[in-house]
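Chain naming here is simple, since letters A, B, ... match the order of the sequence lines and numbering starts at 1 in each. This structure is a prediction, so every number in the text was calculated from the model and none was measured.
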There are 2 protein chains.
Amino acid sequence: MDLDLRKLRYFSAVAEHRHFGRAAQALFIAQPVLSRQIRAFEQELGCALFVRSTRSVELTPAGRQLHEEARRIATVVDTALGRVREAARGEQRLVVAFSPGLHVSEAIRAFTARHPEVAIDVLPMRWWERDTPLRDGRAQVGYLRCPFDEAGLRTVPIGEETKLACLPATHPLAGRESLVLADLDGERMLDARTHHMSSLEVKFELIASGQGVSLVPKSVAASYSRPDLVYLPVTDLPPVPNRLAAPQDEATGLVADFLDLATEVLRQA
Amino acid sequence: MDLDLRKLRYFSAVAEHRHFGRAAQALFIAQPVLSRQIRAFEQELGCALFVRSTRSVELTPAGRQLHEEARRIATVVDTALGRVREAARGEQRLVVAFSPGLHVSEAIRAFTARHPEVAIDVLPMRWWERDTPLRDGRAQVGYLRCPFDEAGLRTVPIGEETKLACLPATHPLAGRESLVLADLDGERMLDARTHHMSSLEVKFELIASGQGVSLVPKSVAASYSRPDLVYLPVTDLPPVPNRLAAPQDEATGLVADFLDLATEVLRQA
DNA sequence: CGCGTTGATACCGTGCGGGCATGGATCTGG
DNA sequence: CCAGATCCATGCCCGCACGGTATCAACGCG
């Protein structure tokens, strides 16, 4: 976090113009200033960003990487500022997170019908995330797969579901009708936060390419059917419950209202 | 992007300590400095972040929002710096993007077998994205659904697939066997980048809750089956081709190797 | 009502960002 | 092959913003 966004802007300008003079012109500063700032930036980072001659300016590998990251940082910062100003204007927003496979549409429909003035965001969680979006404020309500840390959260049970073993279709066990957990001894389980697995799609790609196996909830298995994957029931694996959760200190009536409507919708279904 | 990360750090410290003196202590600066910086920050943003009395410091709604955004910004910035240093150390990385429903596992397995020293990232694209990840450098190779702008890209055809209409199960047309495009006249099509649709899951949630309909490729429909959605063939809609693409100026042998291996894998299948 | 606590204000010094002038290297045209 | 143009780097100066110390003002508590 010890990064100077001004220097990053300067860097981006040079990276795009590939020319110190024109970049300086675009930034409305003098060219020598830019030279010095870029050099200082390189020293802070501890690596060169450009290879310069008097006739050309090219990016190093680190420079190319930073150029991409700069774009990402810019969008995150800009949307952040937008959200803050939105909040300052008093606009209300409710973010509903859900674990993969759980569906929230009915509750949202009921909620928007009652509170048309509230903007609703739906946040699809990563498969390895549990209660973190509620903890760090990214969401106010969550449809979560158990287990997760319920301390400080108000939760409501919303049914349970079994888990299936997910194997590549070429796996020796793929022909079986069902498994017991012991059958998976020695397999690489892709369950913890290994690699940089960002999404379920990536996880399934890894399984399909033979880099491991996994246990996935039934609803997820139903949604992600692929010819190169097989799902097998595991007879000695108890079903996992799902829960609707919200931080206890969310005193805003909106969250309470959402929980009420959601439980009512569930009772009807 | 006109944001001072130093001031943001200061803000986060006060927000967490809810106390200017102790926050200043944690930041190793004097308390009056902190008071002034926060006040200046509030003026830059144009809104109050704290309600202060001599006995308590509380966050305003805008302050709460900024507190969350600050966390997100911090993680983005930190991972960005890590990636840059990684690139500076000369570590190689190949990012393979793919449109929803397209599978890349075989090609990756073949590639890692030949280049075990190269780290591979798999980037699941958003459903409305086409060639942008290749343009802005987020990926070096892409399995893309047509149409996209092929200028400056080297592309290889990888088959084609039909698209299906996706409707909520409660829709009047849901009982039909098939549709023609004219049947969907007057329906709200969730195809452009409307709303803040960040993912397919969100799109399906919107369709299920009756806010519109959409046309989705067959492989996507096969992967995301839900009881509250129906998929119908559209008889007068031609199939869309898919293509493997890479920027022409990616002269690194890695990308060329990946394309060769991928096309070979496809020929075998 | 006096005292401790806590945030805000006043004032001052220093360092960093910015400007201008100029140097040194490289390419180009005659 | 040399003169000029181009372009990044360096040297030097200035102003302002950031940080520090001293102090004030408001509030709570015994």
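Residues A:Arg6 and B:His19 both approach DNA chain C. Their nearest nucleotides, taken by heavy-atom distance, put B:His19 toward the 5′ side.
What separates CD of A:Glu58 from P of D:dC8 is a distance of 12 Å, to the nearest Å. Atom CZ in B:Phe20 sits about 17 Å away from atom P in D:dA26, given to the nearest Å. Rounded to whole Å, atom P of C:dG17 lies 15 Å from atom CZ of A:Arg39. One interatomic measurement links the two molecules: CZ of B:Arg18 to C1' of C:dT6, which rounds to 17 Å at whole-angstrom precision. In this structure, B:Leu34 atom CG and D:dG19 atom C1' are separated by 12 Å, rounded to whole Å. Between the CZ atom of B:Arg9 and the C1' atom of D:dC18 there is a distance of 13 Å, rounded to whole Å. Atom NE2 in B:His17 sits about 13 Å away from atom P in C:dT6, given to the nearest Å. Atom CD in B:Glu44 sits roughly 13 Å away from atom C1' in D:dC18 (whole-Å rounding).
Shown here is A:Arg83, whose CZ atom has more than 12 heavy atoms of other residues, nucleotides or ligands within 6.0 Å. At most 12 heavy atoms of other shown residues, nucleotides or ligands fall within 6.0 angstrom of atom CZ in A:Arg114.
For A:Arg52 and A:Glu42, the salt-bridge test passes: some basic side-chain N is under 4.0 Å from an acidic carboxylate O.
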Discussion item. Quick one, A:His115 with A:Gln92, criterion side-chain contact (heavy atoms from CB on, under 4.5 Å). Give me CA distance, side-chain angles, the key distance, then yes/no.
Written reply: CA-CA 10 Å; A:His115 294 285; A:Gln92 296 191 330; over 6 Å; no
Discussion item. Pair A:Leu81, B:Asp2 - check side-chain contact (heavy atoms from CB on, under 4.5 Å), show working.
Written reply: CA-CA 10 Å; A:Leu81 291 179; B:Asp2 52 345; 4.1 Å; yes
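For B:Arg22, taking side-chain heavy atoms from C-beta onward, the closest of the listed nucleotides C:dG24, C:dG17, C:dT6 is C:dT6. The side chain of B:Thr54 sits closest to C:dT6 out of D:dC8, C:dT6, D:dG19. Listed nucleotides: D:dA9, D:dG28, C:dT26. Nearest to the side chain of B:Arg55: D:dG28.
Ring geometry, B:Tyr143 versus B:Phe258: the interplanar angle exceeds 60°, so the pair is classed perpendicular (tilted spans 30 to 60°).
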Please list, for nucleotides 20-24 of chain D, all pairs of protein and nucleotide N/O atoms separated by less than 3.5 Å.
{"unit_1": "D:dG20", "atom_1": "OP2", "unit_2": "B:Ala30", "atom_2": "N", "d": "2.8"}
{"unit_1": "D:dG20", "atom_1": "O6", "unit_2": "B:Arg36", "atom_2": "NH2", "d": "3.0"}

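In this structure, B:Ile73 and B:Leu3 have side chains that are in contact, with non-hydrogen atoms separated by less than 4.5 Å.
Among the heavy atoms of the strands lying under 4.0 Å from B:Tyr10 are primed sugar atoms or P, OP1, OP2 only; no base atom is included.
Here the CG-CG distance, from A:Leu66 to A:Leu59, works out to 9.0 Å after rounding to the nearest 0.5 Å. From A:Met1, atom CE reaches atom CG of B:Asp78 across 8.0 Å, with rounding to the nearest 0.5 Å.
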Worksheet item: Under a cut-off of 3.5 Å for both distances of each Watson-Crick or G-U pair, what dot-bracket string does DNA chain C give, using [ ] for crossing pairs and | for inter-strand pairs?
Response: ||||||||||||||||||||||||||||||
